[in-house]
Amino acid sequence: MQLATWNVNSLNVRLPHVLDWIGKQKPDVLCIQETKLTDDKFPKEAIESTGYHCEFFGEKAYNGVAILSRTTPDQVQKGFLDAQDTDSKRMLAVQLGPLKVINVYIPNGQEVGCSKYIYKLDWIEKLRRYISEQHQTNELVIVCGDFNIATEDRDVYDPEALAGQILLSDEERAALESLRQWGFVDTFRLHHADAGLYSWWDYRMMAFRRKMGMRIDHIWASEPLASICTHAWIDIEPRKLEKPSDHAPVIAEFSLEV
DNA sequence: ATGGTGGATGGTCCA
(Lines give C-alpha, C1' and ligand atoms only; values in the text may rest on other atoms or scores of the structure.)
Protein backbone atom coordinates (compact mmCIF):
# COMPACT_ATOMS: atom_id res chain seq x y z
CA MET A 1 0.00 0.00 0.00
CA GLN A 2 1.44 3.29 -1.11
CA LEU A 3 0.00 6.50 0.33
CA ALA A 4 0.83 10.07 -0.65
CA THR A 5 -0.04 13.54 0.56
CA TRP A 6 0.14 16.72 -1.50
CA ASN A 7 -0.93 20.31 -0.91
CA VAL A 8 -1.83 21.33 -4.47
CA ASN A 9 -2.70 25.01 -3.83
CA SER A 10 -5.82 25.05 -6.04
CA LEU A 11 -6.90 21.78 -7.62
CA ASN A 12 -8.40 23.83 -10.42
CA VAL A 13 -4.95 25.06 -11.48
CA ARG A 14 -3.07 21.88 -10.53
CA LEU A 15 -5.40 19.22 -11.96
CA PRO A 16 -3.08 18.46 -14.91
CA HIS A 17 -0.13 18.00 -12.53
CA VAL A 18 -2.19 15.75 -10.26
CA LEU A 19 -3.48 13.61 -13.15
CA ASP A 20 0.04 13.25 -14.58
CA TRP A 21 1.48 12.39 -11.21
CA ILE A 22 -1.05 9.74 -10.21
CA GLY A 23 -0.70 8.23 -13.68
CA LYS A 24 3.05 7.83 -13.18
CA GLN A 25 3.28 7.19 -9.43
CA LYS A 26 0.08 5.15 -9.07
CA PRO A 27 -0.35 5.60 -5.30
CA ASP A 28 -3.12 3.55 -3.69
CA VAL A 29 -4.19 6.63 -1.73
CA LEU A 30 -3.59 10.33 -2.38
CA CYS A 31 -4.55 12.89 0.25
CA ILE A 32 -4.91 16.39 -1.17
CA GLN A 33 -5.05 19.73 0.64
CA GLU A 34 -6.02 23.22 -0.51
CA THR A 35 -8.37 22.18 -3.30
CA LYS A 36 -10.01 25.64 -2.95
CA LEU A 37 -13.14 24.20 -4.55
CA THR A 38 -16.70 23.80 -3.38
CA ASP A 39 -17.96 20.22 -3.76
CA ASP A 40 -20.11 21.07 -6.80
CA LYS A 41 -16.93 22.24 -8.61
CA PHE A 42 -14.81 19.21 -7.74
CA PRO A 43 -13.39 17.49 -10.88
CA LYS A 44 -14.98 14.15 -9.98
CA GLU A 45 -15.30 12.78 -13.53
CA ALA A 46 -11.71 13.66 -14.51
CA ILE A 47 -10.39 11.80 -11.48
CA GLU A 48 -12.77 8.85 -11.72
CA SER A 49 -11.78 8.37 -15.36
CA THR A 50 -8.27 7.55 -14.14
CA GLY A 51 -9.63 4.69 -12.03
CA TYR A 52 -9.59 6.43 -8.65
CA HIS A 53 -12.47 6.84 -6.28
CA CYS A 54 -12.63 10.32 -4.75
CA GLU A 55 -14.02 11.85 -1.60
CA PHE A 56 -13.91 15.61 -1.16
CA PHE A 57 -14.84 18.26 1.35
CA GLY A 58 -14.27 21.79 0.19
CA GLU A 59 -15.23 25.44 0.27
CA LYS A 60 -14.89 28.53 -1.88
CA ALA A 61 -11.43 30.12 -2.29
CA TYR A 62 -9.74 28.61 0.76
CA ASN A 63 -8.85 25.24 2.30
CA GLY A 64 -10.58 22.09 1.02
CA VAL A 65 -9.41 18.48 1.31
CA ALA A 66 -9.85 15.35 -0.80
CA ILE A 67 -8.85 11.70 -0.72
CA LEU A 68 -8.32 9.67 -3.90
CA SER A 69 -8.19 5.91 -3.46
CA ARG A 70 -8.01 2.79 -5.62
CA THR A 71 -10.66 1.13 -3.48
CA THR A 72 -13.94 2.61 -2.29
CA PRO A 73 -13.91 3.68 1.38
CA ASP A 74 -16.06 1.78 3.85
CA GLN A 75 -16.66 4.96 5.84
CA VAL A 76 -16.16 8.69 5.30
CA GLN A 77 -15.84 11.40 7.94
CA LYS A 78 -16.04 15.05 6.86
CA GLY A 79 -14.72 17.33 9.58
CA PHE A 80 -14.69 16.63 13.29
CA LEU A 81 -17.72 15.05 14.91
CA ASP A 82 -18.96 18.38 16.30
CA ALA A 83 -18.29 20.28 13.04
CA GLN A 84 -20.39 23.34 12.24
CA ASP A 85 -21.30 24.31 8.66
CA THR A 86 -19.25 27.48 9.03
CA ASP A 87 -16.03 25.64 10.03
CA SER A 88 -13.23 25.72 7.48
CA LYS A 89 -12.93 22.47 5.55
CA ARG A 90 -9.64 21.08 6.76
CA MET A 91 -10.22 17.45 7.74
CA LEU A 92 -11.40 14.42 5.81
CA ALA A 93 -11.03 10.82 6.95
CA VAL A 94 -11.79 7.49 5.30
CA GLN A 95 -11.80 3.89 6.43
CA LEU A 96 -10.22 1.63 3.80
CA GLY A 97 -10.58 -1.93 5.04
CA PRO A 98 -8.41 -2.16 8.16
CA LEU A 99 -6.83 1.25 7.54
CA LYS A 100 -8.03 4.64 8.80
CA VAL A 101 -6.64 7.60 6.85
CA ILE A 102 -7.06 11.06 8.35
CA ASN A 103 -6.20 13.85 5.92
CA VAL A 104 -5.59 17.25 7.53
CA TYR A 105 -4.80 20.77 6.47
CA ILE A 106 -3.62 22.27 9.75
CA PRO A 107 -4.09 26.07 9.88
CA ASN A 108 -1.01 28.08 8.94
CA GLY A 109 -1.24 30.39 11.94
CA GLN A 110 0.18 33.42 10.11
CA GLU A 111 2.25 34.84 12.97
CA VAL A 112 3.14 33.68 16.48
CA GLY A 113 0.71 35.06 19.05
CA CYS A 114 -2.00 36.35 16.68
CA SER A 115 -5.58 35.07 16.69
CA LYS A 116 -4.90 32.69 13.80
CA TYR A 117 -2.03 31.21 15.78
CA ILE A 118 -4.35 30.52 18.73
CA TYR A 119 -6.78 28.96 16.25
CA LYS A 120 -3.97 26.74 14.96
CA LEU A 121 -3.10 25.53 18.47
CA ASP A 122 -6.77 24.89 19.26
CA TRP A 123 -7.27 23.03 15.99
CA ILE A 124 -4.35 20.69 16.70
CA GLU A 125 -5.79 19.95 20.14
CA LYS A 126 -9.15 19.18 18.51
CA LEU A 127 -7.43 16.76 16.16
CA ARG A 128 -5.59 15.11 19.07
CA ARG A 129 -8.85 14.70 20.96
CA TYR A 130 -10.67 13.27 17.92
CA ILE A 131 -7.99 10.65 17.37
CA SER A 132 -7.59 9.69 21.02
CA GLU A 133 -11.36 9.34 21.40
CA GLN A 134 -11.97 7.46 18.15
CA HIS A 135 -8.96 5.13 18.02
CA GLN A 136 -6.74 2.74 19.91
CA THR A 137 -2.98 2.84 19.41
CA ASN A 138 -2.96 -0.78 18.20
CA GLU A 139 -5.17 0.11 15.21
CA LEU A 140 -3.89 0.94 11.71
CA VAL A 141 -4.17 4.74 11.70
CA ILE A 142 -2.48 7.30 9.47
CA VAL A 143 -2.71 11.03 10.01
CA CYS A 144 -1.16 12.94 7.14
CA GLY A 145 -1.29 16.21 5.28
CA ASP A 146 -0.02 19.75 5.40
CA PHE A 147 0.77 20.12 9.10
CA ASN A 148 2.20 23.63 8.63
CA ILE A 149 4.84 22.74 11.25
CA ALA A 150 8.50 21.82 10.86
CA THR A 151 8.87 19.49 13.83
CA GLU A 152 12.67 19.70 14.13
CA ASP A 153 15.43 22.15 13.20
CA ARG A 154 16.79 19.72 10.58
CA ASP A 155 13.49 20.28 8.71
CA VAL A 156 14.24 24.00 8.22
CA TYR A 157 16.70 25.72 5.85
CA ASP A 158 17.86 28.30 8.39
CA PRO A 159 16.67 27.28 11.87
CA GLU A 160 18.78 29.91 13.62
CA ALA A 161 17.41 32.83 11.61
CA LEU A 162 13.84 31.51 11.83
CA ALA A 163 13.91 30.36 15.48
CA GLY A 164 10.66 31.06 17.30
CA GLN A 165 8.80 32.06 14.14
CA ILE A 166 5.66 30.63 12.59
CA LEU A 167 5.92 26.98 11.39
CA LEU A 168 8.63 26.18 13.98
CA SER A 169 7.79 28.01 17.21
CA ASP A 170 7.98 26.06 20.49
CA GLU A 171 4.28 26.26 21.27
CA GLU A 172 3.04 24.85 17.95
CA ARG A 173 5.74 22.16 18.03
CA ALA A 174 4.59 21.23 21.55
CA ALA A 175 0.96 21.03 20.43
CA LEU A 176 1.88 18.70 17.59
CA GLU A 177 4.19 16.69 19.86
CA SER A 178 1.26 15.94 22.17
CA LEU A 179 -0.55 14.48 19.14
CA ARG A 180 2.53 12.43 18.22
CA GLN A 181 2.75 11.10 21.76
CA TRP A 182 -0.65 9.47 21.37
CA GLY A 183 1.29 6.89 19.37
CA PHE A 184 2.42 8.17 15.96
CA VAL A 185 5.70 7.74 14.12
CA ASP A 186 6.96 10.15 11.44
CA THR A 187 7.40 7.68 8.57
CA PHE A 188 9.83 9.93 6.68
CA ARG A 189 12.29 9.91 9.58
CA LEU A 190 12.21 6.11 9.73
CA HIS A 191 14.14 6.16 6.46
CA HIS A 192 16.01 9.50 6.29
CA ALA A 193 18.11 11.27 8.89
CA ASP A 194 19.55 14.07 6.75
CA ALA A 195 18.81 17.75 7.08
CA GLY A 196 17.92 19.71 3.93
CA LEU A 197 15.03 17.50 2.79
CA TYR A 198 11.95 19.66 2.31
CA SER A 199 8.35 19.42 1.12
CA TRP A 200 7.53 23.13 0.79
CA TRP A 201 9.31 26.18 -0.62
CA ASP A 202 7.84 29.69 -0.59
CA TYR A 203 6.98 31.06 -4.02
CA ARG A 204 8.84 34.24 -3.09
CA MET A 205 12.55 35.04 -3.22
CA MET A 206 13.28 32.12 -5.55
CA ALA A 207 13.20 29.91 -2.47
CA PHE A 208 13.10 26.61 -4.38
CA ARG A 209 16.12 27.44 -6.53
CA ARG A 210 17.98 28.57 -3.42
CA LYS A 211 17.01 25.41 -1.51
CA MET A 212 15.22 27.49 1.13
CA GLY A 213 12.48 25.10 2.17
CA MET A 214 10.88 23.34 5.09
CA ARG A 215 9.51 19.85 5.69
CA ILE A 216 5.98 20.67 6.86
CA ASP A 217 4.00 17.92 5.05
CA HIS A 218 3.94 14.69 6.99
CA ILE A 219 2.72 11.09 7.00
CA TRP A 220 2.44 9.84 10.55
CA ALA A 221 1.58 6.21 11.23
CA SER A 222 0.47 4.34 14.33
CA GLU A 223 3.01 1.81 15.70
CA PRO A 224 1.67 -1.31 13.94
CA LEU A 225 1.84 0.55 10.61
CA ALA A 226 5.21 2.13 11.30
CA SER A 227 6.63 -1.35 11.84
CA ILE A 228 5.65 -2.31 8.26
CA CYS A 229 6.64 0.98 6.60
CA THR A 230 9.13 -0.04 3.90
CA HIS A 231 9.92 3.34 2.26
CA ALA A 232 9.15 7.03 2.61
CA TRP A 233 10.29 9.90 0.42
CA ILE A 234 9.52 13.31 -1.05
CA ASP A 235 9.12 13.67 -4.82
CA ILE A 236 10.42 17.15 -5.65
CA GLU A 237 9.97 16.72 -9.41
CA PRO A 238 6.48 18.32 -9.55
CA ARG A 239 7.92 21.41 -7.80
CA LYS A 240 10.17 21.94 -10.86
CA LEU A 241 7.27 22.16 -13.34
CA GLU A 242 5.76 25.30 -14.84
CA LYS A 243 3.19 26.82 -12.48
CA PRO A 244 3.88 24.36 -9.65
CA SER A 245 2.25 24.04 -6.28
CA ASP A 246 4.53 25.43 -3.57
CA HIS A 247 4.42 21.93 -1.99
CA ALA A 248 5.81 18.61 -3.24
CA PRO A 249 4.15 15.22 -2.71
CA VAL A 250 5.29 13.07 0.22
CA ILE A 251 4.93 9.29 -0.11
CA ALA A 252 5.10 6.31 2.23
CA GLU A 253 4.88 2.60 1.46
CA PHE A 254 3.62 -0.14 3.75
CA SER A 255 3.55 -3.94 3.54
CA LEU A 256 -0.21 -3.96 3.64
CA GLU A 257 -3.09 -4.63 1.25
CA VAL A 258 -6.24 -2.54 1.52
C1' DA B 1 12.20 45.60 8.80
C1' DT B 2 10.23 45.01 4.53
C1' DG B 3 8.73 42.67 0.67
C1' DG B 4 9.16 39.39 -2.41
C1' DT B 5 5.03 35.45 -5.52
C1' DG B 6 0.83 32.92 -6.40
C1' DG B 7 -4.27 31.72 -6.05
C1' DA B 8 -9.08 33.33 -5.65
C1' DT B 9 -11.44 37.23 -6.22
C1' DG B 10 -13.32 41.37 -7.84
C1' DG B 11 -10.86 44.94 -2.84
C1' DT B 12 -8.18 42.36 -0.38
C1' DC B 13 -7.38 37.84 2.14
C1' DC B 14 -4.50 33.98 2.75
C1' DA B 15 -0.28 31.50 2.58
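In what follows, every chain begins at residue 1, and chains take the letters A, B, ... in the order their sequences are listed. What you are looking at is a predicted structure, and each value in this text was computed from that prediction instead of being measured.
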Problem set entry | Between B:dA1 and B:dT12 - P atom distance, rounded Å | 27 Å
Exercise. What is the distance from NZ of A:K36 to C1' of B:dG7, rounded to the nearest Å?
Worked result: 4 Å
For this session: Measure from CG on A:N12 to P on B:dA8 and round the result to the nearest Å.
Result: 6 Å
Exercise. In whole Å, what is the span from the OH atom of A:Y203 to the P atom of B:dA8?
Worked result: 9 Å
Exercise. Just how far, in rounded Å, is P of B:dC14 from NZ of A:K89?
Worked result: 16 Å
Exercise. Of all the choices, B:dG7, B:dA8, B:dA15, which nucleotide is nearest to the side chain of A:N108 once you look at every atom?
Worked result: B:dA15
Exercise. If you look at every strand shown and take non-hydrogen atoms under 4.0 Å, does A:R210 touch a base, only sugar-phosphate, or nothing?
Worked result: nothing
Exercise. To the side chain of A:M205, which of B:dG3, B:dA15, B:dG7 is closest?
Worked result: B:dG3
Problem set entry | Under 4.0 angstrom between A:R204 side-chain N/O and B:dA15 OP1 or OP2 | no
Exercise. Taking the side chain of A:A61 as its heavy atoms from C-beta onward, which of B:dA15, B:dG6, B:dA8 lies nearest to it?
Worked result: B:dA8
Problem set entry | Cationic N near anionic O, under 4.0 Å, A:K116 to A:D122 | no
Exercise. Does some side-chain heavy atom of A:Y130 sit less than 4.5 Å from a side-chain heavy atom of A:Q77?
Worked result: yes
Problem set entry | Whole-Å distance separating the CD1 atom of A:I149 from the P atom of B:dA15 | 14 Å
Problem set entry | Closest to side chain of A:R90, choosing from B:dA8, B:dC14, B:dA15 | B:dA15
For this session: Send over the distance from A:I106 CD1 to B:dC14 P, rounded to a whole Å.
Result: 19 Å
Problem set entry | Interatomic distance where CG belongs to A:N63 and C1' belongs to B:dG7 [whole Å] | 13 Å
For this session: Determine, for A:K120 against A:E172, whether the closest basic-nitrogen to carboxylate-oxygen distance falls under 4.0 angstrom.
Result: yes
Problem set entry | Along DNA chain B (nearest heavy atom to each residue), the more 5'-positioned of A:E34 and A:V13 | A:V13
For this session: For the side chain of A:K116, starting at C-beta, report the closest nucleotide among B:dG4, B:dA8, B:dC14.
Result: B:dC14
Exercise. A:M212 has an atom CE; how far is it from atom C1' of B:dG4, in whole Å?
Worked result: 11 Å
Exercise. Does A:R209 make a side-chain N or O approach to OP1 or OP2 of B:dG4 shorter than 4.0 Å?
Worked result: no
Exercise. When clusters are formed by joining ILVMFWY residues with side-chain heavy atoms under 4.5 Å apart, either directly or through shared neighbours, do A:V104 and A:Y119 land in the same one?
Worked result: yes
For this session: Establish, for the pair A:R215 and A:Y198, whether the NZ or CZ atom is under 6.0 angstrom from the six-membered ring centre and no further than 45 degrees off its axis.
Result: no
For this session: Would you indicate what A:Y105 reaches in the nucleic acid, counting non-hydrogen atoms under 4.0 angstrom: base, sugar-phosphate, or nothing?
Result: sugar-phosphate
Problem set entry | B:dG3 and B:dC14, which share atom name C1', separated by this distance in whole Å | 16 Å
